[in-house]
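Just so it is clear, the model here is predicted, and its values are computed rather than measured. Worth knowing before you read on, the calculation uses all heavy atoms, side chains too, and leaves out hydrogens, waters and symmetry mates.
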Amino acid sequence: MLRKLLDNVEQKILSNEKLKKFHPLHDALDTFLYSTNTKTEHAPYVRDAIDLKRTMILVVLALLPAFFFGTYNVGLQSPEVVDKDFLTCFLYGLKIVLPMYLIVFAVGGLFEAIFAVIRGHEINEGFLVTGFLIPLTMPPTVPLWMLAVATIFGVVIGKEIFGGTGYNIFNPALTARAFLFFAYPSYMSGNKPWIAPLDGLSQATPLLQKSSNLDITYSWWDMFYGYIPGSVGETSTLAILIGAFVLLITGIGSWRVMLSTCLGLIFTSTLLNQLTGVSDNPMLGLTALEHFVMGGFAFGMVFMATDPVSSAQTNKGRWFYGLLIGFMAIVIRCINPAYPEGMMLAILFANAFAPLFDYFVIQSHVKGRQLSYEE
Amino acid sequence: MNSFKITKGHNLKLSGIPSKKIIDVKSPSSIFFHPSSIKNIKTKLLVKEGDSVKVGSPLFYDKKNEKVLFVSSCSGTVKKIQFGQRRIVEIIEIENDKKNIVFDNLDRDVSKENFLKSGLWPYLRQKPYSKIPHYSINPKSIYISAMPTEPFALNYESLMKNSIKSIQLGIDVLKKIFDCEINFTSLNESIFSNLSNVNHYSFNNLHPAGNIGVQIHHIDPIKNGDDIRFYLTLQDLVRIGEFFNMKDYPNLRYISIGGNGIDNQAIYKVLIGTSIQDIIDSDLSKDIQIISGDVLNGKITVKDNSLNFHDEVLSMIKNDNKRQFLGWLMPGFKKYSLTKAFFSKLLNNKGSELSTNKNGSIRTIVPMGNWDRVMAMNIMSEYLVKSILANDIDMMEKLGIYECSPEDFSLCAFICQSKVEVSKIIEDGLDIMESEA
């Protein structure tokens, strides 16, 4: 019955000149509900079952552990929640996180749809992931109007002006976050995000504690499990690693990027550890393991750095791209006095360098080919 | 013997694999030629309706390649010539008198002139561009693959075990005419390893290892548009050997017919030009896709047509119009995929059936690295495709477009999650290069 209804609506849309341009909207709903049955027109006449929808939905699936834990943790960290049992915390978290998702998908979806209608192409599934990522990268206390503006910025400036998914240079979700980071810095880091509205008690993230030369009040395992304040999805390294496992066994996330980002982290933090005696900067003393579980490092590495479009697109390029992210993230964290967190900027920085890495890889491939021809 | 091992590729598990049984198809009442389906030729007719023809008498030639004749495979009368738009010749139908009288103006002394006159030249093709070569070209080398690996391919090891002598005759003829290296590729353990006058190369049985383009890439890569190699199928090599050594005209062809669209999958021995309807003795009105060639690189055709000129595989694949509710969310135990995104991966795609469903809609290229997982050549496929889309001729050359053929990229198109028509784009790129040359 639903199938018939969809077909009837489609016929009406296609037969009406004025409505025709809104076909992408119907198509998005139609192919969301039912798999397509388009026939192959060119060889090969049989095709793999994989499509972009499946690919993107698997990324969302991989994000679910971080989403669920993050939602729970919002309640756990909030001074408003007195009774810290799981359900209370989770429900309190939902009250904060769900409106964030509603805003992001409503606003972002609207702009995706507008661009799809203008361009006359189908709505790309890329936003499914971008939209799912944006709230997870935000502090739970971010005002919803800010989230809406950031989402529009991420979708339009981060992606659509380049031509849409597949053409963008920067990761759209991170572009959204970077926009808020620079436009409203006091809401994004520092003490404000975690000042509870009622009693004014402040809660600092471990990175902030360390950079302010305070003792970190959380144990390593707390940070690993995620019982710490921070952006919604970033706190639990464990939940993120479960997501990483899903991305790796399905072959959707690049293991090269994840591994090389880790290597970059280990190399840089070990290097900086050697300088602890020279400078009194407390951040220099953080070990690689501590860096890994603090802030947004793991989240950025697993879900942001691996974005296939904005990362390097050659296998060799991916190694350099990941190394650069690991290096920059730690350098910004430790040496830059203004920002205790460096992952977002490191990834955006590496996004900008990715085409250059690819360029060099292609040039060396071309050179190798010419040499082999001369033999 | 030089051995190569291809590690990236895939042998599609399709249902309806042809058995080894050889079915002799009786001589049909009419045969059909489709000049417009032959790549890159401008047809000039040599016959008109009502003319009588013999086996081997010329029917038409290519205006740009005038010494290359296309000949009749039966004796009889030209019954109908059907033109399409802009007067391209779509169908030449010849009524078969079943007497098999051979054209008497054929000279069997081995020479290039006689080869051209014999009507066998069109069985040669060249790389780059996968087209019938100009008669004036002397190739650097000739490639013969005794190991086609595409789905439903003929198994030459069993089919040709009694034809070793004819194969050797064919090799000797080509050697005499072209006086160049002849490279013969087969599987590691092969009945063909004692052939002389050839360089032996072996590959493992993983598609696309059997593709001539892939083999050339590994043996002696093509450097530019003028670096030309010829190639032909093993059964056409036998045809050439037999023509120059016997009195008959070799006008039969083995066709491997497979797929879940029919019941009697086997090897069929048919008169060249026999229509599909005349070959297959079963109901073809079902909802099936008839593909001349293999499913990865063939062309859609209809049952009234004969197979395209060079094809030796006929694939009949069921159409599937079913739409699954929330298909993207399902575990996918029965989804055929080379990726690890479905549970079918655990079952090694057993029980998954492929149909002509594209399984998704076209999206922009999202470089997930899937193409590279099935790319058997040292080619940066994503960048090559992008340079073709951008019409960047210089970059196409640098990335090795001359080494590429659409069929070598068919697995990339198969596995692409954005459903990019990779093979088609490569074909377009080669067309651009050819028009620039």
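Contact between A/Gln313 and B/Pro367 at its shortest, heavy atoms only, is CD-CG, 3.3 Å. The minimum heavy-atom distance between A/Ile50 and B/Thr339, with the atom names listed, is CD1-OG1, 3.7 Å. For the residue pair B/Lys335 and A/Ala49, the shortest heavy atom distance occurs at CB-CB, 3.6 Å. Taking every heavy atom of both residues into account, A/Val46 and B/Ser355 meet most closely at CG1-O, 3.4 Å. Across all their heavy atoms, B/Asn359 and A/Thr36 have their closest contact at C-OG1, 3.8 Å. The minimum heavy-atom distance linking B/Ser410 with A/Pro44 is given by the pair O-CG, 3.4 Å.
Atoms CZ and CG, on B/Phe325 and A/Leu33 in that order, are 5.5 Å from each other to the nearest 0.5 Å. Rounding to the nearest 0.5 angstrom, the gap separating the CE atom in B/Met368 from the CD1 atom in A/Ile252 is 5.5 Å. In this structure, CD1 in B/Ile362 is found 8.5 Å from OG1 in A/Thr38, a value given to the nearest 0.5 Å. Rounding to the nearest 0.5 Å gives a distance of 7.5 Å between NZ of B/Lys223 and OG of A/Ser372. Here NZ of B/Lys419 is found 7.0 Å from CZ of A/Arg47. Values are rounded to the nearest 0.5 Å. Within the model, atoms CG of B/Asn319 and CG of A/Asn37 stand 10.0 Å from one another, a figure rounded to the nearest 0.5 Å.
Within the 3.5 Å criterion, the main-chain N or O of B/Ile300 finds a donor-acceptor partner in the side chain of A/Tyr45.
Atom OH of B/Tyr402 is surrounded by more than 12 heavy atoms from other residues, nucleotides or ligands within 6.0 Å. Applying the 6.0 Å contact sphere to OH of A/Tyr373 captures more than 12 heavy atoms from other residues, nucleotides or ligands. Counting heavy-atom neighbours within 6.0 Å of B/Lys350 NZ, excluding the residue itself, gives a total of 12 or less. Environment of NZ in B/Lys140: crowded, with over 12 heavy atoms of neighbouring residues, nucleotides or ligands closer than 6.0 Å.
With a 4.5 Å cut-off on non-hydrogen atoms, A/Ile249 touches chain B through its backbone but not through its side chain. Looking at B/Leu411, neither its backbone nor its side chain comes within 4.5 Å of chain A, counting heavy atoms on both sides. Neither the backbone nor the side chain of A/Leu247 comes within less than 4.5 Å of any heavy atom in chain B. In this structure, the portion of B/Gln289 lying under 4.5 Å from any heavy atom of chain A is its side chain and not its backbone. Contacts of A/Ile57 with chain B are made by side-chain atoms alone, with heavy-atom separations under 4.5 Å and no backbone atom involved. The part of A/Tyr167 that comes within reach of chain B is its side chain, from C-beta onward, which places non-hydrogen atoms under 4.5 angstrom from that chain. Using a 4.5 Å cut-off between heavy atoms, B/Met395 touches chain A through its side chain atoms alone. When heavy atoms are compared at a cutoff of 4.5 Å, A/Leu52 approaches chain B by way of both its backbone and its side chain. Residue B/Lys345: no heavy atom, backbone or side chain, is found under 4.5 Å from chain A. For A/Thr40, the parts lying near chain B are the backbone and the side chain together; criterion is any non-hydrogen pair under 4.5 Å. Only the side chain of B/Lys386 comes within contact range of chain A, with at least one heavy atom under 4.5 Å from a heavy atom of that chain.
The residue among A/Thr314, A/Leu61, A/Asn315, A/Val361 with the most heavy atom pairs within less than 4.5 Å of chain B is A/Thr314. Between chain A and the residues B/Asn370, B/Asp227, B/Leu338, B/Val422, the largest count of heavy-atom pairs under 4.5 Å involves B/Leu338. Comparing B/Thr356, B/Asp294, B/Ile365, B/Ile317 by heavy-atom pairs within less than 4.5 Å of chain A, the highest count is held by B/Thr356. Heavy-atom pairs under 4.5 Å with chain B were tallied for A/Gly368, A/Gly253, A/Pro308; the largest tally goes to A/Pro308. Chain A forms the most heavy-atom pairs under 4.5 Å with one residue out of B/Lys299, B/Glu407, B/Glu421, B/Met330, and that residue is B/Glu421. Interface check for chain A: of the options B/Leu296, B/Val366, B/Asp320, the most heavy-atom pairs under 4.5 Å are formed by B/Leu296. Note: B/Gly298 leads B/Pro221, B/Ser423, B/Gly298 in heavy-atom pairs under 4.5 Å with chain A. The choice from B/Asn224, B/Ile222, B/Leu12 that makes the most heavy-atom pairs within less than 4.5 Å of chain A is B/Ile222. Interface remark: of the candidates A/Ala43, A/Ser35, A/Gly166, A/Ser35 forms the most heavy-atom pairs closer than 4.5 Å to chain B.
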message: Run the side chain to side chain contact (heavy atoms under 4.5 Å, CB included) test on A/Asp48 and B/Gln417 for me, step by step, so that the C-alpha distance in whole Å, both residues' side-chain angles and the decisive distance to 0.1 Å come before the verdict.
response: CA-CA 8 Å; A/Asp48 198 289; B/Gln417 80 286 334; over 6 Å; no
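Using a 4.0 Å cut-off between a side-chain N of Lys or Arg and a carboxylate O of Asp or Glu, A/Arg369 and B/Glu403 qualify as a salt bridge. Ion pairing between B/Arg323 and A/Asp30 holds under the 4.0 Å rule for side-chain N and carboxylate O. Ion pairing between a basic and an acidic side chain is recognised when a charged N comes within 4.0 Å of a carboxylate O; A/Glu125 and B/Arg363 show such pairing.
Residues of residues 371-384 of chain B lying within less than 4.5 angstrom of chain A, judged on heavy atoms, are B/Asn378, B/Ile379, B/Met380, B/Glu382, B/Tyr383 in numerical order.
With sequence neighbours excluded, no residue forms a side-chain hydrogen bond (donor to acceptor under 3.5 Å, both in side chains) with A/Asp51.
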